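Contents: one structure, followed by commentary.
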Amino acid sequence: MDNREIANVFDEIADLLEISGANFFRVRAYRNAARITRDHPVPLSSLTTEQLCELPGIGEELAAKIETLSSTGRLPFLDELKKKVPSGLVELRSIRGLGPKRIKLLGELLEVRDKEGLRRAAEAGRIRAVRGLGAKLEEQILHALAEPAAQQEKRMLYADAEPIVNALLTHMRKCRAATAIDVAGSFRRRRETVGDIDVLAASSKPQSVTEQLRAYGPVKEVLASGETKTSVVLADGLQVDLRVVAPGDFGAALLYFTGSKAHGIHLRKIAQDRSLLLNEYGLFRGKKAIAAADEKGVYRALGLEWIPPEIREDRGEIEAAASGKLPHLIARKDLRGDLHSHSTWTDGRASIEEMARGAARAGLEYLAVTDHSKRLTMAHGLDPKRLREQWREIDRVVAKVRGIKLLRGIEVDILEDGSLDLPDDVLSELDWVVASVHYKIEQNSRDLTRRIVKAIGNPNVDVLGHPTGRLINHRAPGHFDLDEVLRAARGEGCAMEINSQPERLDLDDVMCIAAKRAGVKMVISSDAHHPNQFAGLEYGVNQARRGWIESSDVLNSRPLSKLRQRSR
DNA sequence: GATCATACGATCGTCACTATTCATAGTGA
């Protein structure tokens, strides 16, 4: 089992323990372990018991469970737990108003086992009869059960949320009573998906700000609305949480609501160690606020440099900030070129000339035209003959379009046995070769690892394209031994792509950290199929920043002359 | 379940909002 799978087991245990009424802190220990496991850049199966116990939050008990899972892929403890708790109860957590206590109660008193049982109980009016519950909750439950299932769970892609957030902020900023309006939460941390939108306002008249949100056109439903806190649901299903604080508290509140949760908890612990109290209103010594108005001031008062939101995940950034060793995260302006793009020669929607002009408009100095190879028949992949014809077209565009250099490239398919879809003599004539897996990605880990390592070993290959092949919310990442692939990439001087397509963002943040540790260079690519997709490089940069990536880690932050000088 | 450290047993983040029991428990963030 790899780290992700172990993390999923710990989350499952936490879910089951929670509704079986276990100690709250025991549940939290499992959730914490899940996070640590998921975030760890090295396979836990490669660590000794002592090394596992050194991880903060992992003790003897959890270390033993990690070892059992790594070696056998099973955990008797989980199997036992599953026998005791009906699995249908877990999904009731997605219903607003139902937490562990009430679910346990419903299970015991009304013999509810799943959503269907809950529906029957609610329709029969048996929920309102339970002491502590009432008619309001019963209505709320029926309302939630009537929602289409698809809308309930999925997190929205960052790129899809972006225009919604921008429109919302524009509306909120029209409110005169607010001196500042900003977005916090996972959106501010630039996570690849967002669950809800946290909006923070500074105002001495919270009522006016609350009214501004409630009057927003797209608001479909008001979930809760108090003096300083309001939650609404927009027509597209996205939840918005508004918090209003006094202008003097804005920095502390922004820090608090940006999260992540783990980052905040760690900061508050540092505050405690210094006999201070940190909450959303400020950093206090006794009753005296020593910092609150701006984020930088709060970090400074805790002895820390300001930490960019993208890396606030408690993955070592606080220790780095304490010792002045924060990374200088890459920015969009650092990118000088784009090394993955398509044209109408295969599945792109614009000509090479249009793509070249679009790249120039996006401020890029060079662009690799990397259409598909012949195996990808549905994209009309190129064979050697058509590829050579394409070079003449590239030469024609180079002569015509100023301000951008074009590279002859290919996105060559990695075939099932790890060989490439074009002969070496053709590949060796190209300026830039992206090698990608496009089919049979679901093969077992051993075969997929061998396949990728073999492709990386071809000296013509410059970068591994969208390494895991995942599509967020649609296709799970391919299963391979990341360590082994990174070792091969390091040895062969092959880079890893960070694909900027919003549903790919592949490598993900944790894998970026692993690649950097392994000494592998990266390439942030648009994979643009249309000129308007060069703007999407921003999403790849976001992901890279979340993965602690600096300009020096990224090949296409170099000028073209330096890119070509790299040694293999 | 992990961590700290009067080395066994206490502590683990904090706060707003809602519903119902109208002072408190549960939830959600």
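Within every chain, numbering begins at 1; the chains are lettered A, B, ... in the order of the sequence lines, protein sequences first and strands thereafter. Note that this is a predicted model, so its numbers are computed, not measured.
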Would you list the protein and nucleotides 6-12 of chain B atom pairs, both N or O, that sit under 3.5 Å from each other?
unit_1: dC12(B); atom_1: O3'; unit_2: Arg28(A); atom_2: NH2; d: 3.3

Determine the contact category for [X]: base if any of its heavy atoms lies under 4.0 Å from a base atom, sugar-phosphate if only primed atoms, P, OP1 or OP2 are that close, otherwise nothing.
X	answer
Ser225(A)	sugar-phosphate
Ala135(A)	sugar-phosphate
Lys65(A)	sugar-phosphate
Leu278(A)	nothing
Tyr281(A)	sugar-phosphate
Asp198(A)	sugar-phosphate
Lys269(A)	nothing

Are [X] and [N] close enough that a side-chain N or O sits under 4.0 Å from OP1 or OP2?
X	N	answer
Gln140(A)	dA19(B)	no
Tyr256(A)	dA16(B)	no
Lys229(A)	dG28(B)	no
Arg93(A)	dG28(B)	yes
Thr228(A)	dC17(B)	yes
Arg31(A)	dA2(B)	no
Asn279(A)	dC15(B)	yes

Could you state the [atom1]-[atom2] distance from [X] to [N], rounded to the nearest angstrom?
X	N	atom1	atom2	result
Leu133(A)	dT27(B)	CG	P	9 Å
Leu242(A)	dA29(B)	CG	C1'	14 Å
Arg96(A)	dA16(B)	CZ	P	17 Å
Leu92(A)	dG26(B)	CG	P	17 Å
Glu280(A)	dA16(B)	CD	C1'	8 Å
His266(A)	dT14(B)	NE2	C1'	17 Å
Gln207(A)	dC17(B)	CD	P	12 Å
Lys136(A)	dA25(B)	NZ	P	21 Å

Exercise. What pairs meet the side chain to side chain donor-acceptor pair (under 3.5 Å) rule with one or both residues in residues 302-313 of chain A, with sequence neighbours excluded?
Worked result: Arg189(A)-Glu313(A), Glu295(A)-Trp306(A), Glu295(A)-Arg312(A), Tyr299(A)-Arg312(A), Glu310(A)-Arg545(A), Glu313(A)-Arg546(A)
Seminar exercise, completed: Ordered by number, residues from residues 282-304 of chain A within less than 4.0 Å of DNA chain B (heavy atoms) are none
Where the side chain of [X] is concerned, which of [options] is the nearest nucleotide?
X	options	value
Arg102(A)	dA29(B), dG26(B), dA16(B)	dG26(B)
Leu62(A)	dA2(B), dT27(B), dC15(B)	dA2(B)
Ala224(A)	dG26(B), dA29(B), dT18(B)	dT18(B)
Lys101(A)	dG1(B), dA29(B), dG26(B)	dG26(B)

If we call it a pair only when both distances are under 3.5 Å in a Watson-Crick or G-U wobble match, what pairs with [N]?
N	answer
dC8(B)	none
dA23(B)	dT20(B)
dC15(B)	dG28(B)

Exercise. With sequence neighbours left out, which residue pairs that include part of residues 239-261 of chain A fulfil the salt bridge (charged side-chain N to carboxylate O under 4.0 Å, His left out) condition?
Worked result: Arg243(A)-Glu280(A)
Rounded to whole angstrom, note down the [atom1] distance from [N] over to [M].
N	M	atom1	value
dT3(B)	dC8(B)	C1'	13 Å
dC12(B)	dA5(B)	P	13 Å
dC22(B)	dC17(B)	C1'	15 Å
dG9(B)	dC15(B)	C1'	28 Å
dG1(B)	dT6(B)	C1'	23 Å
dA2(B)	dA7(B)	C1'	15 Å

Note, [X] side chain near [Y] side chain (heavy atom, < 4.5 Å):
X	Y	answer
Glu503(A)	Asn473(A)	no
Val240(A)	Val219(A)	no
Arg93(A)	Asp15(A)	no
Cys512(A)	Asp553(A)	no

For this session: Sort out for me which residue in Arg191(A), Arg504(A), Arg190(A), Glu192(A) forms a side-chain contact (heavy atoms from CB on, under 4.5 Å) with Gln543(A).
Result: Glu192(A)
Exercise. What distance do His40(A) atom NE2 and Thr37(A) atom OG1 have between them, rounded to the nearest 0.5 Å?
Worked result: 9.0 Å
Exercise. If you measure only the distance, is there a donor-acceptor pair under 3.5 Å linking the side chains of Thr230(A) and Arg214(A)?
Worked result: no
Exercise. Of Pro56(A) and Phe24(A), whose nearest nucleotide on DNA chain B comes first from the 5' end?
Worked result: Pro56(A)
Exercise. For His143(A), which residues count as a ring pair (Phe, Tyr, Trp, His ring centres under 6.0 Å) partner, sequence neighbours excluded?
Worked result: none
Problem set entry | Residues forming a side-chain hydrogen bond (donor to acceptor under 3.5 Å, both in side chains) with Thr68(A), sequence neighbours excluded | none
Exercise. Using 30° and 60° as the class limits, which term best fits the ring planes of Tyr539(A) and Tyr158(A): parallel, tilted or perpendicular?
Worked result: perpendicular
Exercise. Would you call Asp2(A)-Arg4(A) a salt bridge at under 4.0 Å N-O?
Worked result: yes
